[in-house]
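Reading through the structure tokens given below for one structure.
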Amino acid sequence: MSFRDRLKETRAKASDGFRGGKLMSSIFRPGSPFRKGYVDSPRNRSYVVMNNVLYHLHPVKVKRHGVRLSYTLCLGGLSFFLFIVLTITGIWLMFYFRPTELAYVDIQNLQTTIAFGSLVRNMHRWGAHLMVLVVFLHMSRVFYHGAYKAPREFNWVIGVILLLLTLLLSFTGYLLPWDQLAIWAVTVGGNMAGYVPVVGAQVKFGLFAGLEATTATLLRFYVLHVLFFPFIIVIFMAVHFWRVRKDGGISGPL
Amino acid sequence: MVDIPEHLLQRSAEARAKALGISIEQAMAEMKGQSDPTVISKEPEVKVIDETPTPTAETPAPPPETSAPAPAAETITPIKEEHAAETTEKVAAVKIDEKPAAAKPPPPAKADAPDEVDFAPEVKVTQRLLTVVKAKPIQKPVKEPIDKVNTWPHLMLPEFVALMAMTAFLIFLSAILQAPLLEEANPNVTPNPAKAPWYFLGLQEMLSYWDPQIAGVMIPTVVGLILWMAFPYIDRNPETHPSKRKFAIMFYTFFLAGAGTLTIIGVLFRGPGWNWVYPWIDGIWFDDLLDWIHFE
Ligand code: HEM
């Protein structure tokens, strides 16, 4: 036996010992590819999902036409994924950001003195634009497939709420860098809300925490942006995904 | 004539040949009516068959059972109308054939024996194919089975790839495009033009047309939004194929084209004082995206 073969065998043994050990078995439930003895069989393929936290999101089996990329274009999944990316980068940004008069300086420092600060800020910002776009495209895909029809009517309603929440998340985030772009874009947007019939003035006052954008507005938008809207959107997403499954999985084929 | 599959015919011919001690070809010919049926001369199997029911004879038979044997012959032929005549004939033939054989050794337990015994002689004669019933479920399933595949790996792998591609794209974008950061916020200095975030620019553009009747824009917007939520309850057409919902498709496409046009105008073609500009002549008056190709 050559040295190479022996090395190989030793490594395989060690890997088996590790994957079959108590630690790995305690982390990964039966059927996981990370456990010892996983073989590709229909039974194990079911277990990968069924014995996994993923089972909350995916059923064991899905319609064949639904997995064709050309049907959903994965747009709903990407909306969700962008939300995850935004959550991770957003939490990271929170370490360096104070929603006060210092906000602008904090962003400047983030960009110039903190490792990867600029990259993470860019990812958060472009990711947010991308999410608005992708959610919109997802809605268009759903419309063109007539996927909102019975029994999926209510999921469309939830979807429109998700779109609004996405826009609100993006809009509240827009103010946070506290530069001229931020304050005036939000002023224009907030003023438009002021033209809403009947409750316009109240909505605008509530949004600005006053008559115009100030640091009070900044704090308000910050809390809404990092806590309130994410919390609400996660709840609606949970219901949205749950309904996708309960309504019989992906619609179609056409 | 029932269309009997060849392999079934072959099997019953073999069985018949074995029972009667004749060749398979002969049995086949008899079954097809091309040759006279072989007359049975031996009858040793009778004993074999009689032995099985004897234990039951020791227990006193329940009285109602005695009437059972008579209709037994009929009950085994619940055959479709079109073949009925043919089949009863066959059954009759069988019965006549074996009558003497069955009558010869009359076992005392005969009357009390379970039903099978009565036509057990048939078994002894041969196996006969009465009819072939096509395999059909009694209940028709309402739902067609759905063609499904395992989520792992058929859905999860593409999802993973999409996720990785999106991450790569986002990191690439973030590496080459710097997010804008203008001067510090100053409520006293209004930039000209002041633009909303891009997803509101279509609305801002519309507001600029109907400036005096701003409410005339916002009312339809709010009402439209509520109607949009209620859309599945308004569109009661159950069809999903595009060719059967032309109006809905047209409606949405016009909406997309309109919103897209207004947004592009708002982003690229509006400059100071919300006046019309050409981005290739006057530069881009939009600080959010494309901060990196600032003309001027
Ligand atoms: C944060 C935003 C959203 C997320 C994360 C999200 C996520 C998803 C996901 C993962 C699916 C599974 C199928 C697919 O990927 O296409 C789905 C389906 C669906 N979504 Fe969304 N969605 C969002 C917004 C919306 C919006 C704005 C609408 C419509 C107004 C909508 C309506 C629907 C409907 C009706 C389905 C079922 C489609 C089918 O069965 O073919 N969703 N969504």
Side-chain angles (χ1 to χ4, degrees), chain A residues 42 45-46 48-49 58-64 67 69 74 77-78 81-82 85 104 107-108 111 118-119 121-123 125-127 130 132 140 143-146 148-150 153 156-157 160 167 170-171 174 177-185 187-189 192 195-197 212-213 252 254, chain B residues 146-156 158-159 162-163 166-167 170-171 173-175 177-187 189-191 194-197 199-200 203-204 207 214-215 217-219 222 228-229 231-233 235 238-242 245 248-249 252 256 287-289:
Chain A
R45 285 181 175 197
S46 306
V48 169
V49 179
H58 282 318
V60 168
K61 288 194 166 196
V62 288
K63 290 181 200 163
R64 185 183 294 278
V67 304
L69 210 58
C74 213
L78 285 178
F81 179 62
L82 279 168
V85 170
Y104 182 73
I107 298 286
Q108 273 183 327
Q111 294 207 132
S118 208
L119 181 74
R121 176 176 177 236
N122 290 350
M123 280 178 71
R125 192 174 182 105
W126 301 134
L130 213 55
V132 173
S140 306
F143 188 94
Y144 280 120
H145 282 160
Y148 55 83
K149 305 200 171 192
E153 299 104 322
W156 171 271
V157 178
V160 176
L167 290 177
S170 177
F171 185 65
Y174 221 90
W178 203 238
D179 63 348
Q180 279 292 73
L181 181 61
I183 190 173
W184 288 102
T187 300
V188 172
M192 289 198 308
Y195 300 130
V196 167
E212 52 174 28
L254 289 184
Chain B
I146 302 169
D147 190 14
K148 287 193 169 184
V149 293
N150 272 107
T151 299
W152 169 263
H154 299 293
L155 177 59
M156 279 162 64
E159 270 180 344
L163 183 156
M166 174 63 87
T167 312
L170 190 59
I171 291 178
L173 199 71
S174 304
L177 278 193
Q178 180 56 47
L181 187 67
L182 311 186
E183 313 81 58
E184 187 165 6
N186 185 349
V189 179
T190 312
K195 291 190 178 183
Y199 36 83
F200 289 151
L203 200 59
Q204 195 180 355
L207 282 169
I214 273 165
V217 174
M218 292 314 282
I219 291 172
V222 172
W228 191 230
M229 242 187 238
F231 194 82
Y233 303 97
D235 174 15
E239 299 290 342
T240 54
H241 198 271
R245 46 194 294 265
I249 299 269
Y252 193 80
L256 270 190
D287 294 310
D288 188 351
L289 298 168

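Just so you know, these numbers come straight off a predicted model, no measurement behind them. To find a chain, count down the sequence lines: A is the first, B the second, and so on, and within it residues start at 1.
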Q. Relative to chain A, which segment of Y199(B) carries a heavy atom at a distance below 4.5 Å: side chain, backbone, both, or neither?
A. side chain
**Q.** Side chain, backbone, both or neither of P242(B) within contact of chain A (heavy atoms, under 4.5 Å)
**A.** side chain
(Q) I'd like to check the ring-ring contact (aromatic ring centres under 6.0 Å, His included) partners of Y104(A); sequence neighbours left out, ordered by chain and number. (A) none
Q. Does a side-chain heavy-atom distance below 4.5 Å link V188(A) with K195(B)?
A. no
(Q) Please rank N122(A), L130(A), V160(A), L82(A) by heavy-atom pairs under 4.5 Å with chain B and give me the top one. (A) N122(A)
Q) How many angstroms lie between CE in M192(A) and CG in L203(B), if you round to the nearest 0.5 Å? A) 4.5 Å
**Q.** Side chain, backbone, both or neither of R45(A) within contact of chain B (heavy atoms, under 4.5 Å)
**A.** both
Q. Is chain B contacted by the side chain of Q108(A), its backbone, both, or neither, given a heavy-atom distance below 4.5 Å?
A. both
Q: Heavy-atom pairs under 4.5 Å with chain B are the metric here; pick the option from V60(A), V62(A), I107(A) that has the most.
A: V62(A)
Q) Side chain, backbone, both or neither: which part of V196(A) has a non-hydrogen atom closer than 4.5 Å to chain B? A) both
Q) Using the ring of each side chain (for Trp, its six-membered ring), is F143(A) parallel, tilted or perpendicular to F231(B), with breaks at 30° and 60°? A) tilted
Q | Residue part contacting chain B, namely of Y144(A), when any heavy atom lies under 4.5 Å | A | both
Q. Between A150(A), G146(A), A182(A), which residue shows the highest count of heavy-atom pairs closer than 4.5 Å to chain B?
A. G146(A)
Q: Measure V49(A) against the heavy atoms of chain B and call it side chain, backbone, both or neither at under 4.5 Å.
A: side chain
Q: Against chain B, label V48(A) side chain, backbone, both or neither, depending on which of its atoms sit under 4.5 Å from a heavy atom there.
A: side chain
Q) Sequence neighbours excluded, which residues qualify as side chain to side chain contact (heavy atoms under 4.5 Å, CB included) partners of T240(B)? A) K149(A), L254(A)
Q) Between E239(B), M156(B), R245(B), which has the largest tally of heavy atom pairs under 4.5 Å with chain A? A) R245(B)
Q: Find the one option among S140(A), G77(A), C74(A), A213(A) whose heavy-atom pairs under 4.5 Å with chain B are most numerous.
A: S140(A)
**Q.** Contact origin within Y148(A) toward chain B - heavy atom pairs under 4.5 Å
**A.** both
**Q.** Toward chain B, the part of L167(A) with a non-hydrogen atom under 4.5 Å
**A.** both
Q: Return the option, out of V222(B), T190(B), I171(B), L173(B), with the maximum number of heavy-atom pairs under 4.5 Å with chain A.
A: T190(B)
Q) Between atom NZ of K148(B) and atom CZ of R64(A), what is the distance when rounded to the nearest 0.5 Å? A) 12.5 Å
